[in-house]
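Some notes on the structure that comes next.
Throughout, protein chains are lettered first and strands after them, A, B, ... in sequence-line order, and every chain is numbered starting at 1. Scope of the values below: all heavy atoms of this structure, side chains included, with no hydrogens, waters or symmetry mates.
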There are 2 protein chains.
Amino acid sequence: MEKRLERIKKHLHSQGYKLTPQREATVRVLLEHEEDHLSAEDVYLLVKEKSPEIGLATVYRTLELLADLKIVDKINFGDGVSRFDLRQEGAAHFHHHLVCIECGSVDEIQEDLLGDVEAIVERDFNFRIKDHRLTFHGICYRCNSKGNKENKNESQNAETV
Amino acid sequence: MEKRLERIKKHLHSQGYKLTPQREATVRVLLEHEEDHLSAEDVYLLVKEKSPEIGLATVYRTLELLADLKIVDKINFGDGVSRFDLRQEGAAHFHHHLVCIECGSVDEIQEDLLGDVEAIVERDFNFRIKDHRLTFHGICYRCNSKGNKENKNESQNAETV
DNA sequence: GTCCTTGCAAATAGTTTGCACGGAT
DNA sequence: ATCCGTGCAAACTATTTGCAAGGAC
């Protein structure tokens, strides 16, 4: 993990930015919560645990910077909040998401899967693809097996990030 | 177009809602701007031209209602605004979008394209897909040919949308 | 009357911005 | 001495909500 931090630092430097303590703290939180899909507020609260003096605006500014540098991706699942997701190092494309409409969980799919589709789009629509967003909404494997028990269960929300 | 309005009316009635004048005006605007991807504010301004007494909150409430009934889809291209898109009648799935990072245009792809991908996701991740969102970001055919004019390029002009 | 729906205004939520200060070069 | 980055508060934008009033049945 230190290695990735180091590389991010270089990436920042190469663009004329510094890895300030606040930015480092923010990146660390992102690295430690790679699986989650944190909102800016989530990140802020987590950063605050280690660096209580940080301001919310700084977190927003850092996340925006990281998004500009393609270090993180800003995503939006339709609940009015932006979420931030570290890009896999060296990944050609952004990964996909499975959003469960029952428990709210968000899982990731690292496989590309879209190769053929993109070829068709590029050819048929003369569209030069730079990036994509693919999200499936449905019932996740957890809720699927739960539902099989035919239990008219109620509020046991899963992690939901 | 009247026919679609009629069906939407029935759809509302079947769920215990009425097609009030305000709702009708809103739906008409959506029907007349099917190609566009209007924000709530856009819809509001357009509805206001014909029905000046309507309130913004009513438009929001109507759009939310239509989204609940799956008559429209709420989409989000990452600029903090929700946009509303009429669902194709009888379409099993939501259509896809091509967002141009150069000129900001948004084109639609009605073809499904995701059949194979969805089969894989359902099988490998035990995820029951109910809906999806697929957006490509890149350079549209218009900007492609524009950029090509000064360069050496040849026969590839599309007219999709 | 009862239930829905509406317009308006106020409230909220998320995010951005202005500004003066502080630290590193 | 300059430049970048920060914290704070205020500003802004998009959206939601409370409420009194109007209309259909």
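A distance of 11.0 Å separates OG of A/Ser82 from CD of A/Glu64, quoted to the nearest 0.5 Å. One distance of note links CD1 of B/Ile129 with CD1 of A/Ile139; it measures 11.5 Å at 0.5 Å rounding. For the atom pair B/Leu38 CG and B/Phe84 CZ, the distance stands at 10.0 Å (nearest 0.5 Å).
Within residues 48-64 of chain A, the residues approaching DNA chain C are A/Leu56, A/Ala57, A/Tyr60, A/Arg61, by heavy-atom distance under 4.0 Å.
The aromatic rings of B/His132 and B/His96 sit tilted, their planes meeting at an angle between 30° and 60°.
Here B/Glu2 pairs with B/Arg28 in a salt bridge; the nearest charged N to carboxylate O distance falls below 4.0 Å. Salt-bridge check for A/Glu34 with A/Arg4: passed, with a basic side-chain N closer than 4.0 Å to an acidic carboxylate O.
Side chains of B/Gln88 and B/His95: a donor-acceptor N/O pair is absent below 3.5 angstrom, by distance only. Counting only N and O atoms by type, the side chains of A/His33 and A/Asp42 include no donor and acceptor under 3.5 Å apart.
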Could you go through nucleotides 21-23 of chain C and list every protein N or O atom that sits under 3.5 Å from one of its N or O atoms, giving the distance for each pair?
none

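In this structure, A/Asp42 atom CG and C/dG14 atom C1' are separated by 12 Å, rounded to whole Å. In this structure, the CG atom of A/Leu65 is 17 Å from the C1' atom of C/dT17, given to the nearest Å. The nearest whole Å value for the distance from the OH atom in A/Tyr44 to the P atom in C/dG14 is 14 Å. Taking atom CG of B/Leu45 as the reference point, atom P of D/dA14 lies 11 Å away to the nearest angstrom. Atom CG of B/Asp79 is separated from atom P of C/dG14 by 18 Å (rounded to the nearest Å). Following rounding to the nearest Å, B/Tyr17 (OH) and D/dC25 (P) show an atom-to-atom distance of 18 Å. A/Glu24 places its CD atom 15 Å from the C1' atom of D/dG5, with the value rounded to the nearest Å. Computed from coordinates, the B/Leu19 CG to D/dG23 C1' distance equals 15 Å when rounded to whole Å.
A donor-acceptor pair under 3.5 Å is absent between the side-chain atoms of A/Arg133 and the main chain of B/Arg133, judged by distance alone.
Between A/Ser82 and C/dT15 there is a side-chain N or O to OP1 or OP2 distance below 4.0 Å. Between A/Thr20 and D/dT6 there is a side-chain polar atom (N or O) within less than 4.0 angstrom of OP1 or OP2.
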